[in-house]
Amino acid sequence: MTVRIWEGHTKNEHAALYQDIIEQRDIPNYKKTDGFLKLSFLKRSNEQFTYFKLLTYWRDIDAVINFTGPNYKQAKGYDEDVQFVVNFPGTATHYEVFEE
């Protein structure tokens with residue numbers, strides 16, 4: 001199993017809208033991809049920003065590539081993300097899950 005980790009943050013005033021976008025657009029896209037297993041979407045806030053961390057679990061790295069295309073280390077972003085995510089992170093990190 002492979003876990004893909006992406007992290008980004010928004011200004012607090014954009015956090016609720018960005019969360020809605022994630023729930024309505026991103027999560028369904030993950031779930032309909034062959035090889036997708038599960039996800040955890042985390043968030044925390046301070047006085048200025050809301051930080052998001054996404055962990056998606058995939059059957060293997062080939063399933064990740066099925067979702068992202070061949071450049072799987074690059075973050076998969078959408079046009080709306082640039083409007084809300086501060087300094088949109090260009091990469092995602094991958095780990096092999098050896099115990100759960």
Engineer: Rounded to the nearest 0.5 Å, what separates atom CG in D20 from atom NE2 in H14?
Structural biologist: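 Answer for the CG-NE2 pair, D20 versus H14, is 13.0 Å.
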Engineer: Can you list everything that forms a ring pair (Phe, Tyr, Trp, His ring centres under 6.0 Å) with F41? Sequence neighbours excluded, please.
Structural biologist: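 For F41 there are no ring pair (Phe, Tyr, Trp, His ring centres under 6.0 Å) partners, ignoring immediate neighbours.
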Engineer: Is L54 reachable from L17 through a run of hydrophobic residues whose side-chain heavy atoms are each under 4.5 Å from the next?
Structural biologist: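 Looking at the clustering, L54 is in the same group as L17.
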Engineer: Indicate yes or no: at least one non-hydrogen side-chain atom of Y72 is less than 4.5 angstrom from one of H94.
Structural biologist: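 Yes, at least one pair of side-chain atoms sits under 4.5 Å.
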Engineer: Could you tell me whether the side chain of K53 reaches within less than 4.5 Å of the side chain of I5, counting heavy atoms only?
Structural biologist: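 They are in side-chain contact.
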Engineer: Out of curiosity, I22 CD1 to N29 CG, how far, rounded to the nearest 0.5 Å?
Structural biologist: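 Rounded to the nearest 0.5 Å, the CD1-CG separation comes to 12.5 Å.
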Engineer: Working to the nearest 0.5 angstrom, can you tell me the gap between T10 OG1 and I21 CD1?
Structural biologist: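 The distance works out to 10.0 Å.
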Engineer: Nearest 0.5 angstrom please: K11 NZ to F49 CZ, how far?
Structural biologist: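 That separation rounds to 7.0 Å.
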Engineer: Counting only heavy atoms not in E13, do more than 12 fall under 6.0 Å of its CD?
Structural biologist: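 Atom CD in E13 is packed in, count exceeds 12.
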Engineer: To the nearest 0.5 Å, what is the distance between CG (L39) and CZ (R4)?
Structural biologist: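 Taking CG in L39 and CZ in R4, the distance rounds to 12.5 Å.
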Engineer: Under the side-chain contact (heavy atoms from CB on, under 4.5 Å) criterion, do Y18 and V85 qualify, and how do the steps go?
Structural biologist: CA-CA 8 Å; Y18 191 61; V85 179; 3.4 Å; yes
Engineer: Transitively linked via ILVMFWY side-chain contacts under 4.5 Å: Y30 with W6?
Structural biologist: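 Both belong to a single hydrophobic cluster.
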Engineer: Does any non-hydrogen side-chain atom of T2 lie less than 4.5 Å from one of Y95?
Structural biologist: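 The answer is no; the side chains never approach within 4.5 Å.
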Engineer: Between F36 and K31, is any pair of side-chain heavy atoms under 4.5 Å apart?
Structural biologist: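 With C-beta onward as the side chain, the pair touches.
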Engineer: Which heavy-atom pair separates N12 from E47 by the least distance, and what is that distance?
Structural biologist: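 Reported closest heavy-atom pair: ND2-O, 3.2 Å.
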Engineer: Name each donor-acceptor pair under 3.5 Å that joins a side chain in residues 57-70 to protein atoms two or more places apart or in another chain, with its distance.
Structural biologist:
from : atom 1 : to  : atom 2 : distance (Å)
W58  : NE1    : T56 : OG1    : 2.8
D60  : OD1    : D62 : N      : 3.2
D60  : OD1    : A63 : N      : 2.9
N66  : ND2    : D34 : O      : 3.2
T68  : OG1    : V64 : O      : 3.2

Engineer: Going from CD on Q24 to CD on Q19, what distance comes out if it is rounded to the nearest 0.5 angstrom?
Structural biologist: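 One gets 10.5 Å once the value is rounded to the nearest 0.5 Å.
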Engineer: Applying salt bridge (Lys or Arg N to Asp or Glu O under 4.0 Å), can you list everything that pairs with K73, at least two apart in sequence or on another chain?
Structural biologist: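 Counting only residues at least two positions away or on another chain, K73 forms no salt bridge (Lys or Arg N to Asp or Glu O under 4.0 Å).
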